[in-house]
Amino acid sequence: MPQKSLADFSFLDAPSWEVAPQLLGCELERIFDDGSVVRVKIVEVEAYDQSDEASHSYRGKTMRTETMFGSSGHLYVYFTYGMHYCANIVTSGAGRGAGVLLRAVEPITGIDIIENRRKTTGVNATNGPAKLAQALGIDFDMRGHDLRSGSLRLIPYSPLPRSQIVASPRIGISRAKDTLWRFYIKDNSYVSKPN
DNA sequence: AGCGGGATTTTCT
DNA sequence: GAAAATCCCGCTT
């Protein structure tokens, strides 16, 4: 398989709420240190932006959110509830604090590896932001990782037709509850909370 | 199927 | 010192 050209990642250099639905159907390839490979399809995401009260970047750049203000296509990893890592794909280019939270993925290859890592099977292995982070081995070691190459790669695809995408309020936030910045693939069984 | 609580530590006030 | 872009388990319907 030939390496994708850099131009294929240019769609990330746009506002997060426009990028988010375009990430649905794209894939992630994870190559672990032992050489084993896992591939998944993105089926649920949420957009966050510095203009948005619910975003970690709302109150400006901090030590934690520095990567959100950096280049598009890098990985913003945060730690929450004392035990969970979650991952965002940074969007909007340098200077603007924005990203797209990965909320659910569908395993394509390496399902046995995923289920071993998660100690569970089926949809429960990857139908949540902290679940997929654990499944893909994402923690603070991956902070700021460039998703265009290396051990975790984004593989872009053409956008899905709008009829296959559902927009809804985001999950687990206390502010900006009415903003419809959660996007998921209609009827996909790996979505964390179908409406 | 749905609710309620506990886990556990980083980050910001 | 409190909240957190969550998950899991156990208990009740």
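Computed from a predicted structure; not experimentally measured. Throughout, protein chains are lettered first and strands after them, A, B, ... in sequence-line order, and every chain is numbered starting at 1.
- The pair A:Arg103-A:Glu46 meets the salt-bridge criterion, with a side-chain N (NZ, NE, NH1 or NH2) lying under 4.0 Å from an Asp/Glu carboxylate O.
- Separation of the A:Tyr85 and A:Phe140 ring centroids falls under the 6.0 Å cut-off.
- Taking the 5.5 Å centre cut-off and the 30° plane limit, the aromatic side chain of A:Tyr78 is not classed as stacked on C:dA5.
- A straight line from CE of A:Met83 to C1' of B:dT11 spans 16 Å, rounded to a whole angstrom.
- Around CG of A:Asp178, the count of heavy atoms belonging to other residues, nucleotides or ligands within 6.0 Å does not exceed 12.
- One N or O on the side chain of A:Ser55 and one on the backbone of A:Ser57 form a donor-acceptor pair closer than 3.5 Å.
- Closest of all the heavy-atom pairs between A:Ser192 and A:Arg182 is OG-NH2, 3.9 Å.
- Backbone-only contact: A:Ile173 has heavy atoms under 4.0 Å from sugar-phosphate atoms and none from a base.
- Candidate nucleotides B:dA7, C:dT6, B:dT13 were compared by shortest atom distance to the side chain of A:Ala130, and C:dT6 ranks first.
- Side-chain proximity of A:Cys86 to the nucleotides C:dT6, B:dC12, B:dT13 is greatest for C:dT6.
- Among the nucleotides C:dC7, C:dA5, B:dC12, the one closest to any side-chain atom of A:Pro129 is C:dC7.
- Not one side-chain nitrogen or oxygen of A:Thr80 sits closer than 4.0 Å to the OP1 or OP2 atom of B:dT11.
- Atom NZ in A:Lys119 sits roughly 17 Å away from atom C1' in C:dC7 (whole-Å rounding).
- Side-chain polar atoms of A:Gln134 and A:Arg118 form a donor-acceptor pair below 3.5 angstrom.
- Taking every side-chain heavy atom of A:Phe79 into account, B:dT9 is the closest of C:dA5, B:dT9, B:dT11.
- When the side-chain nitrogen and oxygen atoms of A:Thr62 are compared with OP1 and OP2 of B:dC12, one or more of them lie within a distance under 4.0 Å.
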Protein N or O to nucleotides 8-12 of chain C N or O, pairs below 3.5 Å:
unit_1	atom_1	unit_2	atom_2	d
C:dC8	OP1	A:Arg118	NH1	3.2
C:dC8	OP1	A:Arg118	NH2	2.8

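- Using modelled atom types, no side-chain atom of A:His74 and backbone atom of A:Ile89 make a donor-acceptor pair closer than 3.5 Å.
- A:His84 has no side-chain polar atom (N or O) that falls below the 4.0 Å cut-off from OP1 or OP2 of C:dC7.
- Across the protein-nucleic acid pair, A:Arg170 atom CZ and C:dT6 atom P stand 11 Å apart, rounded to whole Å.
- Taking every side-chain heavy atom of A:Tyr48 into account, C:dA5 is the closest of C:dA5, C:dA4, B:dC12.
- With a cut-off of 3.5 Å on both Watson-Crick or G-U wobble distances, the partner of C:dC7 is given as B:dG6.
- Rounded to an integer number of Å, the gap from A:Lys177 NZ to C:dA4 P is 10 Å.
- The aromatic ring centroids of A:His56 and A:Tyr48 lie 6.0 Å or more from each other.
- The nearest whole Å value for the distance from the OH atom in A:Tyr85 to the C1' atom in B:dT8 is 12 Å.
- The interatomic distance linking A:Asp139 (CG) with B:dT9 (P) rounds to 15 Å, in whole Å.
- The nearest whole Å value for the distance from the NZ atom in A:Lys61 to the P atom in B:dC12 is 13 Å.
- Base engagement by A:Tyr81 is indicated by at least one non-hydrogen atom pair under 4.0 Å involving a base atom.
- One interatomic measurement links the two molecules: CZ of A:Arg64 to P of B:dT9, which rounds to 17 Å at whole-angstrom precision.
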